[in-house]
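What follows is a short report on a single structure.
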Amino acid sequence: MKASQLFFPTLREVPSEAEIISHQLLLRAGFMRKTSAGVYTYLPMALRVLKKIENIVREEMDKAGGQEILMPIIQPQEIWEKSGRWSLYGNEMFRLKDRHDRGFALGPTHEEIITTLVDGEVHSYRDLPLLLYQIQNKYRDEIRPRFGLMRGREFIMKDLYSFDLDEAGLDVSYKKMYKAYKAIYDRLGLDYRVVEADSGAIGGNESHEFMVLAESGESVIVYCQKCDYAANVEKAECGLEKQEPPVNNQQEMIKISTPGQRTIQDLVDFTGRPASEQIKTLMYVADGELVAVILRGDRELNEIKLKNVLQCQDLFMADEMTVREKCQAGFGSLGPVGLNVPIYADLETERLQNFTCGANEDDYHFTNVNLGRDFVPEIIADLRNAEAGDICPVCGEPLYTIRGIEVGHIFKLGTKYSDALDATYRDQNGQDQAIVMGCYGIGISRTLAAAVEQKNDADGIIWPLAIAPYQVIIIPVNNKKDDQVEAANYLYKELLNQGVEVILDDRDERAGVKFKDADLIGIPLRITIGPKSLQENKAEVKKRWDEEILLVEMDHVVQHVLDTIKNV
RNA sequence: CGGGGCGUGGCGCAGUUUGGUAGCGCGUCUGAUUUGGGAUCAGAAGGCCGCAGGUUCAAAUCCUGUCGCCCCGACCA
């Protein structure tokens with residue numbers, strides 16, 4: 001492609017709306033433009049990248065036995081009501097009506113459709129297992145779309161659904177997908193980690209997320225350097241340190257005056273005791289009932305764990321009015337002692353001795369409080385977020401944290417949807433059985449953004465070769481010099497003949513502009529034809545991720561490029 | 001949904017407090033000189049100041065409404 005013909009409107013200045021680097025670069029490099037909040041138009045360069053990602057995904061899905069289909073974006077209300085999610089999905093679902101006032105949704109996901117389809121067409125154990133997938137636009141009316149493609153309201157996703165006879169079959173399908181996903185991210189050329197994830201309310205006992213590592217990632221991962229353990233902090237189990245329980249040295253509980261001290265930090269400053277010897281008390285409303293949660297002062301509650309322990313549908317923090325009514329004290333002076341709501345205690349609190357907590361009276365706290373003696377929790381369970389320095393639940397070594405962008409998620413659905421939508425097959429004994437399902441997603445457009453987020457420098461994007469919009473860009477330094485133009489044209493044609501995806505920057509621009517643009521759009525290999533090297537009948541070859549400039553004999557350039565592409 | 005901010009040529013912004021002929025930089029177009037990291041000079045085009053009302057002799061500026069966009073929050077007391 002000749003640059004003069006290529007539609008890639010680059011910007012010198014950073015668009016003010018873009019917050020993170022991938023968003024800025026994708027706009028600046030002329031890959032996309034915003035159409036509406038969280039909705040983007042992909043320009044030719046981005047579309048090429050998307051197609052490459054899609055193709056890698058497609059090949060690996062096919063290799064794993066998947067068959068591609070294409071389901072509609074627009075989905076009837078009816079099937080969502082059957083699965084019960086028409087009401088459950090809430091405001092995140094785009095809803096619309098047709099002229100007959102019938103309800104539809106723009107599909108945020110496709111379990112309903114595919115299960116209905118399979119229910120209609122699969123009747124016998126002979127028809128299973130079945131792996132069906134699609135690459136399709138999805139729609140979620142996010143509360144707050146942000147970070148460009150990272151959290152859009154329209155996005156492209158690959159979703160595969162597995163249908164099996166039983167749990168054992170599901171295990172096989174799941175492992176196939178796990179393997180295929182690893183192959184995909186290896187081929188994409190991105191640094192990633194597979195982490196154990198929360199399968200949440202969906203049910204099923206196994207779930208993994210595929211995380212592209214990046215500073216700006218929205219997910220925090222804990223991982224062990226010694227063994228393979230890695231998990232989303234939302235899921236990571238928090239074990240207790242191996243140290244012996246403290247010797248019993250319980251002291252008499254004392255009430256202390258703490259005027260105006262509300263936060264844990266206030267109390268650390270005021271009492272001189274570290275946050276790890278304080279207890280914080282959080283009040284939640286779970287399915288309408290007020291509950292208290294206690295944690296060490298330096299820990300964070302994990303709401304997902306709490307929700308799992310409480311077995312509730314609906315969970316949110318209580319407002320101060322509600323709390324004051326029930327507890328005679330406001331936030332900041334709450335504590336477990338004498339509290340008339342059920343207490344859910346984090347594991348660690350049992351280890352604490354003589355800790356400090358609110359006295360359920362404004363401006364007063366207790367110190368030397370002890371669990372068991374001064375109050376008794378309803379349940380003691382793992383309720384907090386994992387942190388760096390926690391011990392690995394597998395091998396006991398300290399854990400580290402790192403941030404990642406969730407680009408893939410696989411989980412076992414079991415029979416949740418097949419039960420709800422009555423998708424069954426007839427087994428060898430003539431009995432109807434629920435089909436056992438799994439569901440496996442990859443955010444295609446998000447993967448594009450994640451790649452930029454991970455691979456960039458001050459000059460622009462650095463595409464991995466496997467997904468670069470073009471592999472090579474040829475820049476004649478001065479397109480008024482016939483010998484340069486001629487040499488550039490020669491290489492351009494030769495590379496095209498070899499099937500290399502190449503841009504010839506034939507624009508009437510100064511060298512600086514062409515270099516800047518080449519760096520910005522992130523083409524992996526750059527061939528420069530300039531007067532100095534051309535005199536020796538050589539071209540300069542530079543890798544985008546490398547400073548080194550190689551002088552290559554004109555006759556060897558094509559082979560050199562082919563070798564480089566092959567070896568990376 | 002709460003809080004904050006912003007809508008002024010394609011992009012980035014100033015002008016709004018104190019109403020009085022709409023500006024700057026980048027980009028675009030023409031010409032010349034240039035040509036190894038976002039050139040220089042000369043000239044030019046391009047904006048009913050988000051939209052709709054209102055106040056006023058006069059509104060980008062004041063008032064009301066509305067739409068859109070961005071940021072923070074909506075969990076750690």
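These numbers come from the heavy atoms of this one structure, side chains and all, not from hydrogens, waters or symmetry mates. Each chain gets a letter, A, B and so on, in the order its sequence line appears, and its residues count up from 1.
- Following rounding to the nearest Å, A:Ile20 (CD1) and B:rC70 (C1') show an atom-to-atom distance of 14 Å.
- The same atom, P, is picked in B:rA14 and in B:rA74; the two are 29 Å apart, to the nearest Å.
- When each of A:Leu551, A:Ile529, A:Leu550 is checked for a side chain to side chain contact (heavy atoms under 4.5 Å, CB included) with A:Lys538, only A:Leu551 meets the rule.
- Using the Watson-Crick or G-U wobble rule with both distances under 3.5 Å, B:rU66 pairs with B:rG50.
- Residues A:Leu491 and A:Val502 are not in side-chain contact: their nearest non-hydrogen atoms beyond the backbone lie 4.5 Å or more apart.
- Of all heavy-atom pairs between A:Ala449 and A:Met150, the closest is CB-SD, 3.9 Å.
- In this entry B:rA39 has B:rU33 as its Watson-Crick or G-U wobble partner, both defining distances falling under 3.5 Å.
- Contacts of A:Lys481 with the nucleic acid, taken as non-hydrogen atoms under 4.0 Å apart, are absent.
- A:Val293 comes within 4.0 angstrom of nothing in the nucleic acid, heavy atoms only.
- Atom CG in A:Leu27 sits about 11 Å away from atom P in B:rC70, given to the nearest Å.
- Nucleotides B:rC29 and B:rA45 are separated by 16 Å at their P atoms, to the nearest Å.
- Spacing of C1' atoms, B:rU56 relative to B:rG73, comes out at 41 Å, to the nearest Å.
- Atom NZ in A:Lys280 sits about 14 Å away from atom P in B:rC75, given to the nearest Å.
- Residue-level contact check: A:Ile143 touches the bases, meaning some heavy atom is under 4.0 Å from a base atom.
- As rounded to the nearest Å, B:rA60 and B:rG23 have P atoms that lie 13 Å from one another.
- Backbone-only engagement by A:Glu17 is indicated by non-hydrogen atom pairs under 4.0 Å involving sugar-phosphate atoms exclusively.
- Side-chain contact, A:Ser219 with A:Asn232: no donor N or O sits under 3.5 Å from an acceptor N or O.
- Between the P atom of B:rC76 and the CG atom of A:Asp266 lies a distance of 14 Å, rounded to the nearest Å.
- Contact annotation for A:Arg144: base contact, defined as any heavy-atom pair under 4.0 Å involving a base atom.
- The gap from the P atom of B:rU61 to that of B:rG37 amounts to 47 Å, rounded to the nearest Å.
- Within the structure, every side-chain polar atom (N or O) of A:Arg296 is placed at least 4.0 Å from both OP1 and OP2 of B:rC76.
- The backbone N or O of A:Arg273 sits less than 3.5 Å from a side-chain atom of A:Gln278, completing a donor-acceptor pair.
- Side chain of A:Arg153 to main chain of A:Glu142: no donor-acceptor pair is present (N/O by atom type, distance under 3.5 Å, no hydrogens or angles).
- For the OP1/OP2 pair of B:rC69 and a distance below 4.0 Å, the side-chain nitrogens and oxygens of A:Ser36 include at least one atom meeting the criterion.
- Taking the C1' atoms as reference points, B:rU40 lies 49 Å from B:rG3, given to the whole Å.
- Comparing A:Val14 and A:Asn385 against RNA chain B, the residue whose closest nucleotide sits nearer the 5' end is A:Val14.
- With the nearest nucleotide of RNA chain B identified for both A:Pro15 and A:Glu300, A:Pro15 has the one nearer the 5' end.
- Contact between A:Ala386 and A:Val233 at its shortest, heavy atoms only, is O-CG1, 3.6 Å.
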Carefully, step by step, assess A:Asp298 and A:Arg296 under the rule salt bridge (Lys or Arg N to Asp or Glu O under 4.0 Å). CA-CA 6 Å; A:Asp298 56 338; A:Arg296 237 169 69 176; 2.8 Å; yes

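- At whole-Å resolution of the value, NZ in A:Lys480 and P in B:rU33 are 10 Å apart.
- The interatomic distance linking A:Glu303 (CD) with B:rA74 (P) rounds to 10 Å, in whole Å.
- Distance noted for atom C1' between B:rC70 and B:rG12: 15 Å (whole Å).
- Contact annotation for A:Ser333: no contact, since no heavy-atom pair falls under 4.0 Å across all strands.
- Per the geometry, CZ belonging to A:Arg153 stands 11 Å off C1' belonging to B:rC69, to the nearest Å.
- The partner of B:rG25 is B:rC11, by the rule that a Watson-Crick or G-U pair needs both atom distances under 3.5 Å.
- One atom, CZ of A:Arg151, and another, P of B:rC71, lie 12 Å apart when rounded to the nearest Å.
- Between A:Asp390 and A:Cys238, the closest heavy-atom pair is OD2-SG, 4.2 Å.
- Below the 3.5 angstrom threshold, one finds no donor paired with an acceptor across the side chain of A:Glu13 and the base of B:rG27.
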Going 5' to 3' through nucleotides 36-47 of chain B and flagging B where a protein heavy-atom sits under 4.0 Å of the base, S where only the sugar-phosphate is that close, and - otherwise, we get BBBB--------

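- Remark: B:rC75 base-pairs with no nucleotide in the shown strands. Criterion, Watson-Crick or G-U wobble with two distances under 3.5 Å.
- Put simply, A:Ser16 has a side-chain N or O that comes within less than 4.0 Å of OP1 or OP2 on B:rC13.
- The pair A:Arg95-A:Asp141 fails the salt-bridge criterion, with no side-chain N (NZ, NE, NH1 or NH2) lying under 4.0 Å from an Asp/Glu carboxylate O.
- Across B:rG19 and B:rA58, the matching C1' atoms stand 8 Å from one another, rounded to whole Å.
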